[in-house]
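See below for the structure under consideration.
This is a predicted model, so every value here is computed, not measured.
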Amino acid sequence: CESTHDMTVVHCAYTAYSDNVGAIGHGWWRFGIEPSDASSLIQPANLQSWVNTDVGYFPQNTGIPVSPGYVMQGNQGHTPTSQHAWDLPFILLDNGLSYSRNLSITPGTYNMLTHNCCHETINAAASCGVSIPADNTTPEKLHDYLNCL
């Protein structure tokens, strides 16, 4: 009995970014899959828009230490001064994409000290099994940590 099967080999990764520019610094993340057309394998389909795009957490009211939060996809308006990528199994990619989507739906309250962009970069990492130490909650500390990996 002869039969043929198609197999798609993918590479999945979580990447954390930071820029080290003091009070206006930022931390953000990306869940990626290569080749990019393999994103069609991600289910449910509403997670597909969260792959291969930068994701960051911001206050709605810039300059206010406590404000409603929101999630931005795409260009973060920052240039990374440090970054690191971790390879992921496909199943954990889905976990991370779900985390990003769910954070967007219910972003909570941004707090510069207790729930900022770096906190969410760490939380997004944890959602896919990547451990970034919890004390890296400023862009400077996150930058230093990523730069030493």
Can you tell if the side chain of [X] reaches within under 4.5 Å of the side chain of [Y], non-hydrogen atoms only?
X: Phe58; Y: Cys117; answer: no
X: Ser82; Y: His143; answer: yes
X: Ile42; Y: Leu93; answer: yes
X: Val71; Y: Ser100; answer: no
X: Pro80; Y: Asp19; answer: no
X: Ile33; Y: His11; answer: no
X: Leu88; Y: Val130; answer: yes
X: Pro68; Y: Pro59; answer: no

Query raised in the report: Out of Ser39, Cys12, Ser36, which one pairs with Val51 under the side chain to side chain contact (heavy atoms under 4.5 Å, CB included) rule?
Result: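 Among Ser39, Cys12, Ser36, the one meeting side chain to side chain contact (heavy atoms under 4.5 Å, CB included) with Val51 is Ser39.
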Requested in this report: Decide yes or no on side-chain contact (heavy atoms from CB on, under 4.5 Å) for Thr121 and Leu142, but give the supporting numbers first.
Outcome: CA-CA 9 Å; Thr121 301; Leu142 184 59; 4.0 Å; yes
Query raised in the report: Which class fits the ring pair His78 and Trp28: parallel under 30°, tilted 30 to 60°, perpendicular over 60°?
Result: tilted
To the nearest 0.5 Å, how far apart are [atom1] in [X] and [atom2] in [Y]?
X: Asn136; Y: Leu146; atom1: CG; atom2: CG; result: 7.5 Å
X: Asn102; Y: Trp50; atom1: CG; atom2: CH2; result: 9.5 Å
X: Gln73; Y: Asp54; atom1: CD; atom2: CG; result: 10.0 Å
X: Ser127; Y: Leu92; atom1: OG; atom2: CG; result: 8.5 Å
X: Thr81; Y: His26; atom1: OG1; atom2: NE2; result: 12.0 Å
X: Ser18; Y: Ile132; atom1: OG; atom2: CD1; result: 10.0 Å

**Report entry** Asp144 vs Asn147, side-chain contact (heavy atoms from CB on, under 4.5 Å): CA-CA, chis, key distance, verdict
**Finding:** CA-CA 5 Å; Asp144 291 345; Asn147 221 23; 5.6 Å; no
Requested in this report: For the pair Met112 and Val66, evaluate side-chain contact (heavy atoms from CB on, under 4.5 Å) and give the outcome as yes or no after the intermediate values.
Outcome: CA-CA 6 Å; Met112 186 176 5; Val66 177; over 6 Å; no
Requested in this report: Begin with the C-alpha distance, continue with both residues' side-chain angles, and end with the deciding distance and a verdict on side-chain contact (heavy atoms from CB on, under 4.5 Å) for Ile122 and His119.
Outcome: CA-CA 5 Å; Ile122 293 167; His119 288 94; 5.8 Å; no
Query raised in the report: Can you find a side-chain donor-acceptor pair between Arg30 and Asn52 that sits under 3.5 Å?
Result: no
**Report entry** Polar side chain donor-acceptor pair, Asn61 to Ser67, under 3.5 angstrom
**Finding:**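 Looking only at side-chain atoms, Ser67 and Asn61 do form a donor-acceptor pair, the distance falling under 3.5 Å.
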Query - Closest approach of Cys118 to Pro139 (non-hydrogen atoms, all atoms of both residues) - result: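 For Cys118 versus Pro139, the nearest heavy atoms are SG-N, 3.4 Å.
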Query raised in the report: Ser49 and Asn46: which non-hydrogen atoms are nearest, and at how many Å?
Result: OG-O, 4.0 Å
Query raised in the report: Do His115 and Tyr57 have ring centres separated by under 6.0 Å?
Result: yes
Query raised in the report: Ring centres of Tyr17 and His84 under 6.0 Å apart?
Result: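 Here the rings of His84 and Tyr17 have centres that are no less than 6.0 Å from each other.
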**Report entry** N/O donor-acceptor pair under 3.5 Å between Gln48 side chain and Pro44 backbone
**Finding:** no
**Report entry** Short side-chain to backbone donor-acceptor contact, Asn116 and Thr137, under 3.5 Å
**Finding:**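 Such a contact is found between Asn116 side chain and Thr137 backbone.
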Query - side-chain hydrogen bond (donor to acceptor under 3.5 Å, both in side chains) partner of Glu120, chosen from Tyr110, Tyr99, Trp29 - result: Tyr99
Requested in this report: State whether the number of non-hydrogen atoms from other residues, nucleotides or ligands found under 6.0 Å of Ile105 atom CD1 is greater than 12.
Outcome: yes
Requested in this report: Going by the ring pair (Phe, Tyr, Trp, His ring centres under 6.0 Å) test, name the single residue among Trp86, Tyr14, Phe90 that passes it with Phe31.
Outcome: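 Testing Phe31 for a ring pair (Phe, Tyr, Trp, His ring centres under 6.0 Å) against Trp86, Tyr14, Phe90 leaves exactly one candidate, Tyr14.
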